Amino acid sequence: MSVLVDHDTRLSVAGITGREGTFHTLRDRDYGTNVVSGVTPGKGGHDVDGIPVFDTFHAAVAETGANTAMIFVPPRFAADSILEAEDAGISLIVAITEGIPAHDELRVYNHLRRGSSRLIGPNCPGILSPGKANVGIIPAQFFKQGGVGLVSRSGTLTYQIGNELAQRGFGNSSIVGIGGDPVPGSSFIDIIELFEADLETELIVMCGEIGGDDEERAADYIAAHVSKPVVAYIAGFTAPPGKTMGHAGAIVSGSRGTAAAKAEALEARGVRVARNPAQVADIAGEILGARV
Amino acid sequence: MSVLVDHDTRLSVAGITGREGTFHTLRDRDYGTNVVSGVTPGKGGHDVDGIPVFDTFHAAVAETGANTAMIFVPPRFAADSILEAEDAGISLIVAITEGIPAHDELRVYNHLRRGSSRLIGPNCPGILSPGKANVGIIPAQFFKQGGVGLVSRSGTLTYQIGNELAQRGFGNSSIVGIGGDPVPGSSFIDIIELFEADLETELIVMCGEIGGDDEERAADYIAAHVSKPVVAYIAGFTAPPGKTMGHAGAIVSGSRGTAAAKAEALEARGVRVARNPAQVADIAGEILGARV
Amino acid sequence: MDLLEYQGKQLFRAHGVPVPDGAHADSVDGAVQAAEALGFPVVIKAQVQIGGRGKAGGIKLAKDRGEAARHAGAILGMDIRGFTVHELYVEKASSIAEEYYAAIVLDRSAKKPMAMLSRMGGMDVEEVAERDPEAMRMVHVDPLIGFQDFHGRRLAFEAPIGGDLVRPVGAMLAKLYEVFVREDATLVEVNPLLVTEGRDVVALDAKVTIDGNALWRHPDLAELRDLSAEDPQERMAKERGLTYVKLDGNIGILGNGAGLVMSTLDVVAQAGGRPANFLDAGGGSKADAITSAVEVILSDEKVSAVLFNIFGGITRCDEVARGLIEAFRKVEPDVPFVVRLDGTNDEEGRRLLAEAELPNVHTEATMLAAAERVVELAG
Amino acid sequence: MDLLEYQGKQLFRAHGVPVPDGAHADSVDGAVQAAEALGFPVVIKAQVQIGGRGKAGGIKLAKDRGEAARHAGAILGMDIRGFTVHELYVEKASSIAEEYYAAIVLDRSAKKPMAMLSRMGGMDVEEVAERDPEAMRMVHVDPLIGFQDFHGRRLAFEAPIGGDLVRPVGAMLAKLYEVFVREDATLVEVNPLLVTEGRDVVALDAKVTIDGNALWRHPDLAELRDLSAEDPQERMAKERGLTYVKLDGNIGILGNGAGLVMSTLDVVAQAGGRPANFLDAGGGSKADAITSAVEVILSDEKVSAVLFNIFGGITRCDEVARGLIEAFRKVEPDVPFVVRLDGTNDEEGRRLLAEAELPNVHTEATMLAAAERVVELAG
């Protein structure tokens, strides 16, 4: 098993005809992902290396039964594309696009939260379920199938940690990049809930970073709802505090948001926190037993 | 039993200090309704015949445990007051106010539908559960406790029909006025679902009128989900068609919306439709057996 | 509140919806001057709050001054489906390549705004929609998120219209939606939505209905209320806060509450009568409202009998009786009245009426009996 | 993107938020002229993108021409917490009865905008909020329904403020929310929100942060970007599309992706090193981006060693190696480099580097080993 993407995934890609969109779509297909269609307004009727392109997500769903959307369009068109995918009834939307305005994300988030579609990202590397499907830009060659569920706010750091795990013989059930934007569509909690329910996942690794309080909230959630072992890594202990102009940010977040506060919150609830990426694999080995 | 309002109702009234608001609030209290507070911005700390008044619904909820709101403020302030009640966590909002702009109703409806608060009205006479609670302006003296659940888009027609029923010896579990506005907070279906589940209700009377397709939708719902007998009355068989300027209305509604189409839809699904208010009571008598 | 074409186009301009140049006129001279300022050819259009102007001869092309004067003269004063033409709109003629249909409407069923687009614009769009439902494309818009680009693209691609028109038509739909929301409209319709030979997209007509409940947010629109277009009795009723509708029969009907009034109409019709009008005095009617109501009803000469059907909830029957007594004092009606008073304070009301001994007033205990009696009396 | 006070107040004016009259100046003469046009007394205010201006002496009252000139001269060129004052705002002095605090902020935790109000305005509001959390009232706003009157009323009644101020303060909060949404702000803060002796409510300061990702929607705001306020190296990096932050140590750090860069900083610190700066070349870095990155890092004179930590996902290690080789050709660095290349095409990248035989470049296989090595080399 795995979470979110697998052999049942029927992927339609918004922005498939762009340079990056084409590159990663074909790469995902080469990996074995069932890419059923693409969406580019005005390019309906064309194809990308045999993948049919439609003018709208509604047509892509009607004609190709797409159940998963990947958003690869430029930031100023991304919110519209996500909302279109949702309106067309697509249940999982993975937004790779970086640089979407925060207010667009706010509207999209609050709209989708009240419906039945799930958004991963934006500004994320996507989701990889090794051996099954890759929806996004995660370099699949570093990862193999296994029992570690990995959820991360960071792209390259995910690859780094996945690689450390792989070198110790640990594979992954799924790797989910939730993105580092201020208003991500899904949080650590959303994904940890899925891993907790996933039969293949034996251990959950969450990779956080400074800012927001998603890690702190996850700590509470884990203590209350998660039976599987969780290992955390937080980046940014030595990051300089941002220059903030007003008082509101500090009043709102208090001391939350620093790497130290996050690590403390997690450890206080029994989650082991690694101090560097290699240590994540060390701790996983302690918990699951060495595999190499 | 009964639906929506009963001995557990804790009512807070927006606009309690207005002339109409005071009059009907005290009338409802005299009937036995547990009126716990009122809300009028700027009048916090005052009272209306012993009922404490607060500046906000949030304070009214915090201080008096209100779980039901009645909205009696002028139309230009009504949407704000409904949204405030919802934000304060009140689960049942009964809006008496007439003349709220349709776009305000659209926003309120679509917002509330996605949350957990229920709105009855606006532009409705409220809800009466005879012997238990009266939230609104229904003249309670015509109604007694019994087994007929009555739901209506019209005010005075409800009293007329309730009175016909009472004269044949039939009482009511609850009488729910859903209002005649283009975008009511609750539909026939919403209330019929409650009556179907209510142990005291033996028979459901729905009183519709021309316009919209709420009755047609209710017909489908009744056929699929309702085991109790339903009697319908539709007003407006001889009402002149409205002068509509554009084509859009006709294209959207087709032949729906006329009294004849509504009666036909209901009868096609086995719902008996009375031709005048007195016949409602006749049919109820046939079904339940004469009581007088 | 239905706006005239030129009023709707003023709103369109304010929200950036492209419309041809044009000017309002209420005289032949004004129309000719407007035409000359715009430059020929122009189109002279009757301004009435009803469709079917073209078929009725209310829209004419004028190529020169003489034609403009002739058409303006012919159209002013014309009767179009019961509306007299008092105003004209003179508009620069457009080259027509294609005619589409576009609208934003409040869909009561879905409780959402709905945007509509069809390639088959023109006068008979309603029939087209019935014959070929697929030709009329419709999408619902969540009012909390508003009209998105994808709504417009989807309508355009599904219509389908030319690829070069997807953007401008989508942009126009977005602006029509803006008019719909910002101006508290319940209908914004463009028929035809014109594609010119130069591939420009313009609104050639404008049908806008504004929600009367929202006029306090739009003082500029509230001023546009064109009372001249209303029936004088309906205007009288409106000025007194009453809802009045004129019909073809001879029985005047007064009730309290829209539902009860509609029900009363039905019952009178079932008894074989034909209502002359109906008047809803509203919930909580007081004596003076009743007096006004009687005055309005009797101002219709066709009325040969009046049915008073009151079920008092908030309305108190004693107040109604007092109002009726006062009305008889002021108006001295010469037609029979059938009165049914039930509900709050009904006994007191009936007592007052009996004591007043009004001439030719008959009381009945039930709605059905009252309906039968008034039909009998109306003859 | 943080706006200066006078820029924020321009937005406030455009959205109807009341602010005192004022004018921008960038010279003593300009300030004096502005003061005379406004009428004395005026307040001369340093325009810097940082708080604490008042305490630092950057805000002064001037009662006449001489004072205006003296204060303007003193403030221009002043250093306030690392920011040099190049611009002034000259504002008509207000009579102060009460000072409140108001803000609209994006609350990442609730993923909703949050409106805030406190009676305890002034410079130390942050401490007030910590000492007495109840004094800072906060409400979340559903972004799909927007700021409602009840939000403002609730904040005002709970603060609590005088009954006569509930409406004007609520109205100001609604307008600040409008600024927040319409201008794509992530922060709109007014401290103090002033109640004058005449009971008018005005925004005496304006702290507005605009979302850099949304500047394409605001071409007017994009032009305001004040590059003079930025560090020259940060500016150089930004012009080349790189994220660069200057720190206090002596080790230059380059990585790809924010998370990996932050992690690299942590690991270097754990190894006992002190980063001089860090640079995120971003995902999918190409050779020329790497070359630019090296140039930016080395433009900092404090750098005595550089750590290159690349985990190639989209980024291809052979591209990184080519960029590094090209950078060495162009810049000829005189400090040691430690390079760790892993991920996509890492073997090819390491082969290219080995063949190039760059002077003083050390490769390491792991992040930890690379961190230890660079700390050792930096001395």
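As a basis for the values below, the full set of heavy atoms in this structure was taken, side chains included, without hydrogen atoms, waters or symmetry mates. The chains referred to below are lettered A, B, ... by the order of the sequence lines, with proteins before strands, and numbering in each begins at 1. All values reported here derive from a predicted model rather than from experimental measurement.
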| request: Could you tell me which portion of Ile161(B) (side chain, backbone, both or neither) has an atom closer than 4.5 angstrom to a non-hydrogen atom of chain C? | output: neither

| message | Does any backbone or side-chain atom of Pro125(B) lie under 4.5 Å from a heavy atom of chain C? Answer side chain, backbone, both or neither. | response | neither

| query | Quick one: what part of Tyr109(B) sits under 4.5 Å from any heavy atom of chain C, side chain, backbone, both or neither? | reply | side chain

| Intermediate values then yes/no, side chain to side chain donor-acceptor pair (under 3.5 Å), Asn134(B) and Thr33(B) | CA-CA 6 Å; Asn134(B) 192 8; Thr33(B) 313; over 6 Å; no

| task | Salt-bridge test for Arg108(C) and Asp213(B): reply yes if a basic N is under 4.0 Å from a carboxylate O, no otherwise. | result | no

| request: Ignoring hydrogens and angles, tell me if any N or O in the side chain of Asp87(B) forms a donor-acceptor pair with the backbone of Leu83(B) under 3.5 Å. | output: no

| field | Which atoms of Ala371(C) approach chain B - backbone, side chain, both or neither, heavy atom under 4.5 Å | value | neither

| Residues that Thr344(C) engages under side chain to side chain contact (heavy atoms under 4.5 Å, CB included), provided they are two or more places apart | Pro139(B), Gln141(B), Phe142(B), Arg316(C)

| said: At a 4.5 Å cut-off on heavy atoms, which part of Phe180(C) comes close to chain B: side chain, backbone, both, or neither? | reply: both

| chain B interface, residue from Ala185(C), Ala258(C), Pro133(C) that has the most non-hydrogen pairs under 4.5 Å | Ala185(C)

| message | For the interface with chain B, which of Thr366(C), Val261(C), Asp205(C), Leu265(C) has the highest count of heavy-atom pairs at distances below 4.5 Å? | response | Leu265(C)

| said: If the condition is side chain to side chain contact (heavy atoms under 4.5 Å, CB included), which residues does Ala135(C) pass it with, not counting sequence neighbours? | reply: Ser118(C), Met120(C), Val128(C), Asp132(C)

| query | chain C: which of Gly208(B), Gly211(B), Gly155(B) shares the most heavy-atom pairs with it under 4.5 Å? | reply | Gly211(B)

| remark: Per-residue tally against chain B (heavy atom, under 4.5 Å) across Ile310(C), Thr264(C), Leu144(C) peaks at Leu144(C)

| task | Assess the side chains of Asp211(C) and Thr186(C): does a donor N or O sit below 3.5 Å from an acceptor N or O? | result | no

| Any side-chain heavy-atom pair of Tyr101(C) and Pro192(C) under 4.5 Å | no

| query | Considering only heavy atoms from C-beta outward, does the side chain of Ile253(C) approach that of Leu279(C) to under 4.5 Å? | reply | no

| Beyond-backbone contact of Tyr31(B) with Leu128(B), side-chain heavy atoms, under 4.5 angstrom | yes

| request: Go through the atoms of Tyr233(B) and report whether side chain, backbone, both or neither lie under 4.5 Å from a heavy atom of chain C. | output: side chain

| query | Given a strict heavy-atom distance threshold of 4.5 Å, which part of Arg153(B) is in contact with chain C: side chain, backbone, both, or neither? | reply | side chain

| If only atom types and distance count, is the side chain of Asp28(B) paired as donor or acceptor with the main-chain N or O of Gly136(B) below 3.5 Å? | yes

| note | Looking only at Asp104(B), Thr238(B), Ile138(B), the option with the highest number of non-hydrogen pairs under 4.5 Å against chain C is Thr238(B)

| query | At a heavy-atom separation under 4.5 Å, does Asp342(C) approach chain B through its side chain, its backbone, both, or neither? | reply | side chain

| task | Using distance alone, with no hydrogens and no angle criterion, decide if Asn123(B) and Asp181(B) have a side-chain donor and acceptor under 3.5 Å apart. | result | yes

| With sequence neighbours excluded, what pairs up with Glu178(C) under the side chain to side chain contact (heavy atoms under 4.5 Å, CB included) test? | His15(C), Arg182(C)

| Side chain Glu183(C), main chain Val179(C), donor-acceptor under 3.5 Å | no

| task | Between chain C and each of Val183(B), Ile234(B), Ile137(B), Asp214(B), count heavy-atom pairs under 4.5 Å; write down the option with the most. | result | Ile137(B)

| Residues of residues 267-277 of chain C near chain B, each having a heavy atom less than 4.5 Å away | Val267(C), Ala269(C), Gln270(C)

| Which portion of Asp248(C) sits near chain B, non-hydrogen atoms under 4.5 angstrom | neither

| Leu215(C) side chain reached by Met1(C) side chain, heavy atoms, under 4.5 Å | yes

| request: Identify which part of Ala102(B) has an atom lying under 4.5 Å from any heavy atom of chain C, answering side chain, backbone, both or neither. | output: both

| Side chain, backbone, both or neither: which part of Asp266(C) has an atom under 4.5 Å from a heavy atom of chain B? | both

